[in-house]
Amino acid sequence: MKHFCSSIILLISLLAVSSHGCSQEALPLLEGPYLGQTPPGLTPKIFAPGYVATRHRDYSGSFTPDMTEFYFSRMDVDTEKWLLIRFKQIGNQWHESVVGPRVGRPLLAPDGKTMHLGNKYMVRTESGWSDIKSMGAMFDRKDWGIMRLTSSADGTIVFDDYKSNDVLRISTVSNGKRQPPVLLGPHINSGNWTPTPSLPPMALTSSGTAKKTTVTVTKISTSVSANKMVPGVRQ
């Protein structure tokens, strides 16, 4: 009987090791630049299948400016809990970790030192990321529903608002002072749904003079669903 129990324990141990080994073989560590993926072309393709694109709900991915970290949110379909996931390149290999529970839609600022989380944010520290902070009364309002907030290097901020008929608002910096958010013009706030804005890193020329800014949004109406490049912003 003792020999039989020992054999069962040994068999279970071997199965566990084998299962772990098969898992590692099925999903080896990614290596090389761009999360080990082929740089994008003109044809959309699933990004990092099995790693970023999984059976879970994976959303809102962005690289740091130096392309050595990749962040995205994931809703575990088994637990229905949202997490903030990070892939970090160490040497030539990418390692996955969980930063913490997801708050808002994670989106990195152009300098890679601030991570926007809807009406919240985190700043980079020596050990990782700070505690989640509020953006203050100007943005952290109960009557606004900010899912995605994007910024440019000159401090311009654009965000969506699902509690106000899915509109986009913009906030700029003038003379070093943050300006209250205002609605973007009707050439952008049109249709039935205007979510997920995205700003380019630079909204000013190198001399500091204003130039036209392109806001990328998703435009959805009753008859068409498409991504639309909309030049210019206005109040």
Side-chain angles (χ1 to χ4, degrees), residues 24 26-76 82-118 120-133 135 147-160 195-206 211-218 227 229:
Q24 292 297 310
L27 288 176
L29 290 176
L30 296 170
E31 296 184 349
Y34 199 62
L35 210 65
Q37 307 302 297
T38 302
L42 297 178
T43 302
K45 294 183 179 180
I46 296 174
F47 184 68
Y51 296 87
V52 175
T54 67
R55 69 186 186 90
H56 304 288
R57 185 178 177 184
D58 306 300
Y59 198 71
S60 298
S62 60
F63 279 97
T64 53
D66 61 6
M67 301 294 288
T68 62
E69 294 177 72
F70 182 77
Y71 293 86
F72 65 99
S73 59
R74 168 176 291 161
M75 189 193 77
D76 189 303
W82 282 96
L83 300 171
L84 177 58
I85 308 295
R86 177 183 69 176
F87 276 93
K88 182 178 178 62
Q89 188 176 18
I90 301 175
N92 195 45
Q93 295 181 325
W94 291 84
H95 299 264
E96 180 180 359
S97 62
V98 176
V99 178
R102 188 217 73 178
V103 176
R105 298 280 189 261
L107 201 63
L108 287 161
D111 62 4
K113 297 178 180 179
T114 300
M115 181 176 292
H116 298 299
L117 303 166
K120 305 291 192 297
Y121 71 99
M122 298 187 297
V123 294
R124 192 179 289 277
T125 65
E126 292 183 358
S127 59
W129 292 95
S130 70
D131 293 335
I132 296 174
K133 305 173 183 291
M135 290 192 65
M147 293 190 300
R148 180 182 174 101
L149 183 148
T150 177
S151 65
S152 62
D154 72 336
T156 300
I157 287 175
V158 173
F159 58 92
D160 55 15
T196 60
S198 181
L199 282 175
M202 297 301 297
L204 295 178
T205 63
S206 58
K211 66 179 182 180
K212 287 185 177 179
T213 301
T214 298
V215 182
T216 305
V217 299
T218 300
N227 287 332
M229 297 293 289

(message) Could you check whether atom CG of D131 has more than 12 heavy atoms from other residues, nucleotides or ligands sitting under 6.0 Å from it?
(response) no

(request) Flag the pair P40 / K45 as yes when at least one side-chain heavy-atom distance between them is below 4.5 Å, and no otherwise. (result) no

(message) Using the ring pair (Phe, Tyr, Trp, His ring centres under 6.0 Å) definition, which of the options F87, F47, W94 pairs with F70?
(response) F47

(message) Is any side-chain heavy atom of M115 closer than 4.5 Å to one of L107?
(response) no

(request) Identify the two heavy atoms, one from M135 and one from Y121, that lie closest to each other, and give their separation to 0.1 Å. (result) CG-CD2, 3.7 Å

(message) Tell me the closest heavy-atom pair linking Q37 and P49, and the distance in Å.
(response) OE1-CD, 4.1 Å

(request) Give a yes-or-no answer on whether the side chains of T150 and H116 include a donor-acceptor pair shorter than 3.5 Å. (result) no

(message) Within this structure, what is the CD-CG distance for the pair Q89 and L30, rounded to the nearest 0.5 Å?
(response) 10.0 Å

(request) Considering non-hydrogen atoms only, spot the tightest contact between S62 and P106 and give its length. (result) OG-O, 4.4 Å

(request) Provide the closest heavy-atom pair for V99 versus Y71 in the form atom of the first, atom of the second, distance. (result) CG2-CE2, 3.9 Å

(request) Provide the closest heavy-atom pair for D160 versus M147 in the form atom of the first, atom of the second, distance. (result) OD1-N, 3.0 Å

(message) In the structure I gave you, are the side-chain heavy atoms of F63 and L35 within less than 4.5 Å of one another anywhere?
(response) yes

(request) Hey, could you give me the CG/OG distance between L117 and S60, rounded to the nearest 0.5 Å? (result) 10.0 Å

(message) Quick check for you: to the nearest 0.5 Å, what is the distance between W82 atom CH2 and R105 atom CZ?
(response) 5.0 Å

(request) Output the distance between atom OG (S73) and atom CZ (R57), rounded to the nearest 0.5 Å. (result) 8.0 Å

(request) Answer yes or no: is there an ion pair linking R86 with E69, defined by an N-O contact shorter than 4.0 Å? (result) yes

(request) Taking all non-hydrogen atoms of both residues into account, name the closest pair between H95 and Q93 and its distance. (result) CD2-O, 3.6 Å

(request) Report yes if some heavy atom in the side chain of T114 is under 4.5 Å from a heavy atom in the side chain of L108; otherwise report no. (result) no

(message) Can you list everything that forms a side-chain contact (heavy atoms from CB on, under 4.5 Å) with H56? Sequence neighbours excluded, please.
(response) T54, D58, R74, D76, V77, D78

(request) Taking the side chain as every heavy atom from C-beta outward, state whether W129 and R124 have any atom pair closer than 4.5 Å. (result) yes

(message) So, taking the atom named NZ in K133 and the one named CE in M122, what distance separates them when rounded to the nearest 0.5 Å?
(response) 11.0 Å

(message) To the closest 0.5 Å, what do you measure between OG1 (T64) and NZ (K88)?
(response) 8.0 Å

(request) Taking atom CD1 of I90 as the centre, report whether more than 12 heavy atoms of other residues, nucleotides or ligands fall under 6.0 Å from it. (result) yes

